[in-house]
Chemist: 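Have a look at this one before I ask anything.
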Amino acid sequence: MPELPEVETIARLIAPRLAGRKILAAEFRCGFVMRADPDRTAGMLIGRKIARVHRRGKFIVLELEGGGFVSIHLGMTGRLFTKGDPGPYTRAILTLDRGMLLFDDTRRLGRFEVTPELPARIARLGPEPLEVEFAEFAARLAKRKARVKAVLLNQMFLRGIGNIYADEALFRAGIHPLAIASRLRKDRVRRLHKAVVQVLTEAIAKGGSSVSSYVDADGRRGFFQVEHRVYRRTGEPCVTCGTPIRRVLVTQRGTHFCPRCQKR
DNA sequence: ATCGGTACCTGCACGC
DNA sequence: TGCGTGCAGGTACCGA
């Protein structure tokens with residue numbers, strides 16, 4: 001479900017509620033979401049204090065005082081709550097000295113991991129899209145021979161962009177999703193960089209999008225969906241030129257674009 | 001090293 | 001009503 005803006009929204013909301021709290025109990029209900037041994041994992045958590053909470057790409061990372069990390073990935077359908085009751089899709093429950101953390105995930109594509117060090121696959125992610133300088137953005141893009149849509153989705157290129165914001169950024173930049181990344185001219189690369197920053201910044205300001213199931217830790221919904229210009233608008237008129245929005249597959253992901261406004 | 005296809009999951013909307 | 005199909009914001013892994 002969530003991309004950078006949604007994860008950021010959730011992280012900002014739960015961080016002050018979790019920072020400084022001590023973990024009293026940990027319960028896990030799904031071996032797929034948490035692959036390690038549940039008892040051993042609980043043992044790594046109980047009695048520990050959460051030092052701080054931050055987002056890294058689409059991961060939410062809880063740093064434990066004295067070392068250790070809880071890395072949470074929401075997959076497509078993961079949700080975090082700081083209050084409420086466990087339900088049929090609850091996969092992890094942390095009981096704190098004040099409050100709780102509840103992790104729900106219907107499709108079980110999410111992950112809840114506890115490790116002594118920050119996992120390599122998180123440490124290895126590409127730069128944050130809102131922090132990367134244009135020069136680095138351009139240099140990284142120039143090395144990629146894949147389609148630009150696929151590159152935007154690659155977390156080793158930039159961390160945090162997903163299917164919605166990739167489509168929306170490409171539309172705003174006027175770039176065809178099937179264009180080869182390394183062949184984009186400099187002015188178009190500049191437009192793409194600007195569009196990525198813009199679309200993510202706007203979405204964060206609005207509290208993340210809401211396609212179907214996104215609910216933040218307070219159960220509120222984001223409202224960015226009303227602003228989607230191409231995503232899931234197949235057949236509807238382009239907001240700029242009226243041409244019907246088209247849908248194609250890029251690396252098996254639905255990809256929406258205006259065939260007139262977005263050139264290769 | 002990089003790229004594209006596939007696997008991993010469940011639920012929902014849709015047409016028949 | 002029930003069933004089959006296609007779709008869904010995720011990453012990991014494999015062979016080319």
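Every chain is numbered from 1 and lettered A, B, ... according to where its sequence line falls, protein lines coming before strand lines.
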Chemist: Could you work out which one of C:dT11, B:dG4, C:dA8 sits closest to the side chain of A:Gln155?
Modeler: C:dT11
Chemist: Give a yes/no on whether any side-chain N or O of A:Arg121 is located under 4.0 angstrom from OP1 or OP2 of C:dA12.
Modeler: yes
Chemist: How long is the span from the CD1 atom in A:Ile161 to the CD atom in A:Glu168, to the nearest 0.5 Å?
Modeler: 12.5 Å
Chemist: Between A:Ile164 (CD1) and C:dC7 (P), how many Å, whole number?
Modeler: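 Rounded to whole Å, this separation is 17 Å.
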Chemist: Between C:dA12 atom C1' and A:Ile122 atom CD1, what is the distance in whole Å?
Modeler: 14 Å
Chemist: Just the rounded figure in Å: distance from P of B:dT10 to CG of A:Asp104.
Modeler: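 In whole Å, B:dT10 P and A:Asp104 CG are 15 Å from each other.
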Chemist: Can you tell me how far apart OH (A:Tyr231) and OG1 (A:Thr255) are? Round to the nearest 0.5 Å.
Modeler: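 Rounded to the nearest 0.5 Å, the OH-OG1 separation comes out at 10.0 Å.
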Chemist: Decide yes or no for A:Asn154 and A:Arg144: does some side-chain heavy atom of the first lie under 4.5 Å from some side-chain heavy atom of the second?
Modeler: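 Yes, at least one pair of side-chain atoms sits under 4.5 Å.
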Chemist: What is the distance, rounded to the nearest whole Å, between atom CG of A:Leu152 and atom P of B:dG4?
Modeler: 13 Å
Chemist: Would you mind telling me which residue lines up with the more 5' stretch of DNA chain B, A:Arg144 or A:Gln252, judged by nearest nucleotide?
Modeler: A:Arg144
Chemist: Kindly indicate whether the side chain of A:Arg232 and the base of C:dA8 share any N or O donor-acceptor pair separated by less than 3.5 Å?
Modeler: no
Chemist: Is any side-chain N or O of A:Arg107 under 3.5 Å from a base N or O of B:dC9, one able to act as donor and the other as acceptor?
Modeler: yes
Chemist: Using heavy-atom distances to pick each residue's nearest nucleotide on DNA chain B, tell me which of A:Tyr89 and A:Asn154 is more 5'.
Modeler: A:Asn154
Chemist: At less than 4.0 Å, is any side-chain N or O atom of A:Arg247 found next to OP1 or OP2 of C:dC7? Yes or no.
Modeler: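 Yes, within the criterion.
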Chemist: For A:Asp105 and B:dC9, what is the distance between atoms CG and P respectively, to the nearest whole Å?
Modeler: 12 Å
Chemist: From C-beta outward on A:His73, which listed nucleotide comes closest to its side chain: B:dG4, C:dG10, B:dC3?
Modeler: C:dG10
Chemist: Which class fits the ring pair A:Tyr165 and A:His228: parallel under 30°, tilted 30 to 60°, perpendicular over 60°?
Modeler: perpendicular
Chemist: Can you check the A:Arg29 CZ to B:dC9 P distance for me, whole Å?
Modeler: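 It is 20 Å, rounded to the nearest whole Å.
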Chemist: Provide, to the nearest angstrom, the distance between the NZ atom belonging to A:Lys58 and the P atom belonging to C:dA12.
Modeler: 11 Å
Chemist: According to a 3.5 Å limit on both distances, what stems of 3 or more consecutive Watson-Crick or G-U pairs are formed with DNA chain B?
Modeler: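 The stems that DNA chain B takes part in, listed by first number, are B:2-8 with C:10-16, B:10-16 with C:2-8.
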Chemist: Which one, B:dC9, B:dC3, C:dG10, comes nearest to the side chain of A:Arg108?
Modeler: B:dC9
Chemist: Under a 4.0 Å N-O cut-off, is there an ion pair linking A:Arg159 with A:Glu128?
Modeler: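 Counted as a salt bridge, because a side-chain N and a carboxylate O are separated by less than 4.0 Å.
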Chemist: What is the distance from CZ of A:Arg79 to P of C:dA8, rounded to the nearest Å?
Modeler: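 Rounded to the whole Å, the gap is 19 Å.
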Chemist: Quantified in whole Å, what is the P atom distance between nucleotide C:dA12 and nucleotide B:dG11?
Modeler: 23 Å
Chemist: Checking all strands, does A:Arg35 fall into the base, sugar-phosphate, or nothing category for heavy-atom contacts under 4.0 angstrom?
Modeler: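 No contact.
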Chemist: Do the ring planes of A:His73 and A:Phe59 sit parallel (below 30°), tilted (30 to 60°) or perpendicular (above 60°)?
Modeler: perpendicular
Chemist: Is a salt bridge present between A:Asp167 and A:Arg229, judged by a nitrogen-to-oxygen distance below 4.0 Å?
Modeler: no
Chemist: Quick one: which of B:dC3, B:dG4, B:dC9 gets closest to the side chain of A:Thr251?
Modeler: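 So the side chain of A:Thr251 is nearest to B:dG4.
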Chemist: What's the spacing between A:Leu192 CG and A:Ile175 CD1 if we round to 0.5 Å?
Modeler: 4.5 Å
Chemist: Quick one: label A:Lys143 by what it contacts on the DNA or RNA (base, sugar-phosphate, nothing), any heavy atom closer than 4.0 Å.
Modeler: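 No contact.
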